[in-house]
Protein chains: 2
Amino acid sequence: MRWEDLDQEPCSLARTLSVVGDRWTLIILRDCFLGVRRFDQFEARLGITRHVLADRLKKLVAADVLEKRPYRERPIRHEYRLTAKGKDLYPVILSLVHWGDQYMAGPEGPPLRHRHRRCGQLTQGVLICAECGEPLTPQEVSVEESAKWRAAQSATGDRSG
Amino acid sequence: MRWEDLDQEPCSLARTLSVVGDRWTLIILRDCFLGVRRFDQFEARLGITRHVLADRLKKLVAADVLEKRPYRERPIRHEYRLTAKGKDLYPVILSLVHWGDQYMAGPEGPPLRHRHRRCGQLTQGVLICAECGEPLTPQEVSVEESAKWRAAQSATGDRSG
DNA sequence: CAGGTGGGTTCTAAAAAGGAACGTAATCAC
DNA sequence: GTGATTACGTTCCTTTTTAGAACCCACCTG
C-alpha cells in the first residue's frame, strides 16, 4: 500500500497516520506546542533537513493542522501556528511522551516534566472513558463495526479496523 | 538525523517515535489489540509487504513491545503477543483513533465504534490530569526541565524538548 | 557594494519500501 | 508417494523517500 492511499482506508488510525505517521511530523508538532513558529527555529532545533522540513510544513498546512500566516510584509515572512484541529492532537503527543517517560528514559529519568497549572501538580495524562470516567484498558473496550458503515460498504470484502 | 539516533534524543517523544514512529508499526499494533497474532494474518489484513512486516515484527520484539512465542512445535510456529510494555501503548492508539474519528471520517462517520464494557456505553477517550482529574489542555500544561537532567547535562548545549 | 538573514528549491547519493519470486519444513488430499 | 497447501520467512530488483550540501532570491545593515 502506498502512503497516499492510507487516508482512504476504512480505519481512523490509518487515516490519522496518513497525516502524522512519519518520523518527523509529530516532532515538528511537539515544537509547535512548545511555541516554535518559524522555519529557521524548527531547523535549528530539529536536526532535520530543510527539504523535509519544508515538505512536512506544506503537508501539515494542506491538512489544516497548521496555518501559515504572515507576520511581516516586505519582505513577506510567515509563521506556522496550530489550528484547532492541530491543537486537538495534544492528547496524542502527551500519550506518546508519557509512554516514553515510562519506558525509554535513561537512569536520569525523563528530561521534561509537565505541570498542570490548573491544579499546580506535576502530572501525567490518564485516558478515561468519557461516559463513566474510569480508565480505559484494552481488555474492557470492545470494538463494533458501525451500522452505517456496514450498510454503505455492503459486500465489498473490505478489511476494516 | 538518522532514524537510529532518535532513541538517544533528550526527548521522550523522539524516543517513543524511534519505536513506533513509522508508517506501519502502529497499524501492526492496532491489529495486535484486535487480537491478530500470526504472520499471515497480519499480511492478509495489512496490505504490507512481507519484507517490511518481518522487519517491523523483529524490531517490535527487540523493543520488548511484542513477544514471539511458539504455539506449535514440528514445524515450529510462532505467534506475536503484546507485552505489558506494548499494552501500555493503548492510550496512544486510542488517541489517534479518536482524532481520526473526529477529523478524517467521511460522511458515513467512523468505521468502528468502541464500547466500554465496564459501563456499557459507546465511548471516546478523554485525557485527564492524573492528579486533579480535569481534562488536560495545552494551555494549562507547562513544561519544566527536570533538575536531574539539568545537572547531568550541564553545559553541553543540548537541544531538548 | 559586501555580507547577513529568512525561507525556501535543486542536486546527488544513500536508505527504505514496494513487488514479485524463491526456499523450506511439515502436512493434507488423492 | 506425488502434488498442492500452509506458515514464515529471505532474496533480488525497482521505485520512493531521506539525507546532506549547495544554490537562489528578496530584503536589510553598514
Side-chain angles (χ1 to χ4, degrees), chain A residues 1-9 14 17-28 31-32 35-63 66-81 159, chain B residues 1-9 14 17-28 31-32 35-63 66-81 159:
Chain A
M1 192 191 313
R2 321 331 283 311
W3 178 266
E4 320 86 60
D5 304 334
L6 258 189
D7 64 350
Q8 299 305 320
E9 281 289 287
L17 292 179
S18 75
V19 178
V20 301
D22 79 288
R23 172 141 77 282
W24 287 115
T25 302
L26 282 167
I27 299 187
I28 292 171
D31 274 8
C32 292
V36 174
R37 296 195 184 138
R38 315 234 287 245
F39 193 92
D40 61 324
Q41 295 177 309
F42 286 112
E43 194 201 351
R45 291 172 51 87
L46 255 46
I48 188 179
T49 62
R50 304 166 72 75
H51 190 11
V52 175
L53 176 57
D55 179 73
R56 292 302 181 279
L57 289 172
K58 199 180 297 176
K59 281 182 179 159
L60 285 169
V61 169
L66 296 181
E67 62 174 332
K68 184 175 184 174
R69 61 160 78 160
Y71 68 91
R72 194 176 68 191
E73 318 282 337
R74 320 183 47 76
I76 183 75
R77 292 285 177 264
H78 297 94
E79 61 183 10
Y80 297 89
R81 284 167 168 271
R159 45 184 152 50
Chain B
M1 192 192 312
R2 320 333 282 309
W3 176 268
E4 320 86 59
D5 303 334
L6 259 190
D7 65 350
Q8 298 305 319
E9 281 289 287
L17 292 178
S18 77
V19 179
V20 302
D22 80 289
R23 166 138 84 283
W24 288 114
T25 301
L26 283 167
I27 300 187
I28 292 171
D31 273 8
C32 292
V36 174
R37 296 194 184 139
R38 315 232 291 243
F39 192 93
D40 62 322
Q41 295 177 309
F42 287 112
E43 194 200 352
R45 290 171 51 87
L46 255 47
I48 186 177
T49 62
R50 306 165 72 74
H51 190 30
V52 175
L53 176 57
D55 180 73
R56 291 301 179 280
L57 289 173
K58 199 180 298 177
K59 281 181 179 159
L60 286 170
V61 170
L66 296 182
E67 61 174 330
K68 184 174 183 173
R69 61 159 78 160
Y71 68 92
R72 194 176 69 191
E73 317 283 339
R74 316 182 50 77
I76 183 75
R77 292 285 177 265
H78 297 93
E79 61 183 12
Y80 296 89
R81 284 167 166 272
R159 44 183 152 53

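Throughout, a chain's letter reflects where its sequence line sits, starting with A, and its residues are numbered from 1. Computation of the quantities below employed the complete heavy-atom set of this structure, encompassing side-chain atoms and omitting hydrogens, waters and symmetry-equivalent molecules.
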> Is B:Y80 near enough to D:dC8 that one of its side-chain N or O atoms lies under 4.0 angstrom from OP1 or OP2?
Replying inline: no
> Can you list the steps and then say if A:V36 with A:L46 is a side chain to side chain contact (heavy atoms under 4.5 Å, CB included)?
Replying inline: CA-CA 11 Å; A:V36 174; A:L46 255 46; over 6 Å; no
>> In this structure, how many angstroms lie between the P atom of C:dG8 and the CD atom of A:Q41, rounded?
In response: 13 Å
> Of the candidate nucleotides C:dT9, D:dG9, D:dG20, which contains the atom at the shortest distance from the side chain of A:K58?
Replying inline: C:dT9
>> Base, sugar-phosphate or nothing for A:H51? Non-hydrogen atoms, less than 4.0 Å.
In response: base
>> Ignoring hydrogens and geometry beyond distance, is a side-chain donor-acceptor pair present between A:Y71 and A:R38 at under 3.5 Å?
In response: yes
> Is A:F42 touching bases, backbone alone, or none of the nucleic acid, heavy atoms closer than 4.0 Å?
Replying inline: nothing
>> So if I take every side-chain heavy atom of A:T49 and compare against D:dG9, D:dA19, C:dA17, which nucleotide ends up nearest?
In response: D:dA19
> Are any non-hydrogen side-chain atoms of B:Y80 and B:K68 less than 4.5 angstrom apart?
Replying inline: yes
Any N/O pairs under 3.5 Å between the protein and nucleotides 23-30 of chain D? List them or say none.
residue, atom, partner, partner atom, Å
D:dC28, OP1, A:R74, O, 3.1

> Starting at CD of B:E43 and ending at P of D:dT10, how long is that distance when rounded to a whole Å?
Replying inline: 13 Å
>> For B:K58, give me all partners under side chain to side chain contact (heavy atoms under 4.5 Å, CB included), at least two apart in sequence or on another chain.
In response: none
>> Of the listed nucleotides (C:dG8, C:dA17, D:dC8), which one gets closest to any side-chain atom of A:F39?
In response: C:dG8
>> Before you tell me yes or no, could you show the steps for B:F42 and B:I48 under side chain to side chain contact (heavy atoms under 4.5 Å, CB included), namely the whole-Å CA-CA distance, both residues' side-chain angles and the distance that decides it to 0.1 Å?
In response: CA-CA 8 Å; B:F42 287 112; B:I48 186 177; 5.8 Å; no
> Between C:dA15 atom P and B:D55 atom CG, what is the distance in whole Å?
Replying inline: 15 Å
>> Let me confirm one number: the CG-NZ distance from A:D22 to A:K59, rounded to the nearest 0.5 Å.
In response: 7.5 Å
> Given atom NZ of A:K68 and atom C1' of C:dG7, what is their separation to the nearest angstrom?
Replying inline: 8 Å
> Taking atom P of C:dG8 as reference, at what distance in whole Å does atom CZ of A:R56 sit?
Replying inline: 15 Å
>> Could you work out, with side chain to side chain donor-acceptor pair (under 3.5 Å) as the rule, every residue matching B:E43, not counting sequence neighbours?
In response: B:R50
> Tell me: CD1 of B:I28 to P of C:dA17, nearest whole Å?
Replying inline: 11 Å
>> Using whole Å, what does the distance between atom C1' of nucleotide D:dT18 and atom CG of A:D22 come to?
In response: 11 Å
> Which whole-number value in Å describes the distance from B:L66 CG to D:dC8 C1'?
Replying inline: 16 Å
> Of the nucleotides C:dT9, D:dA7, D:dG9, which one has an atom closest to the side chain of A:A54?
Replying inline: C:dT9
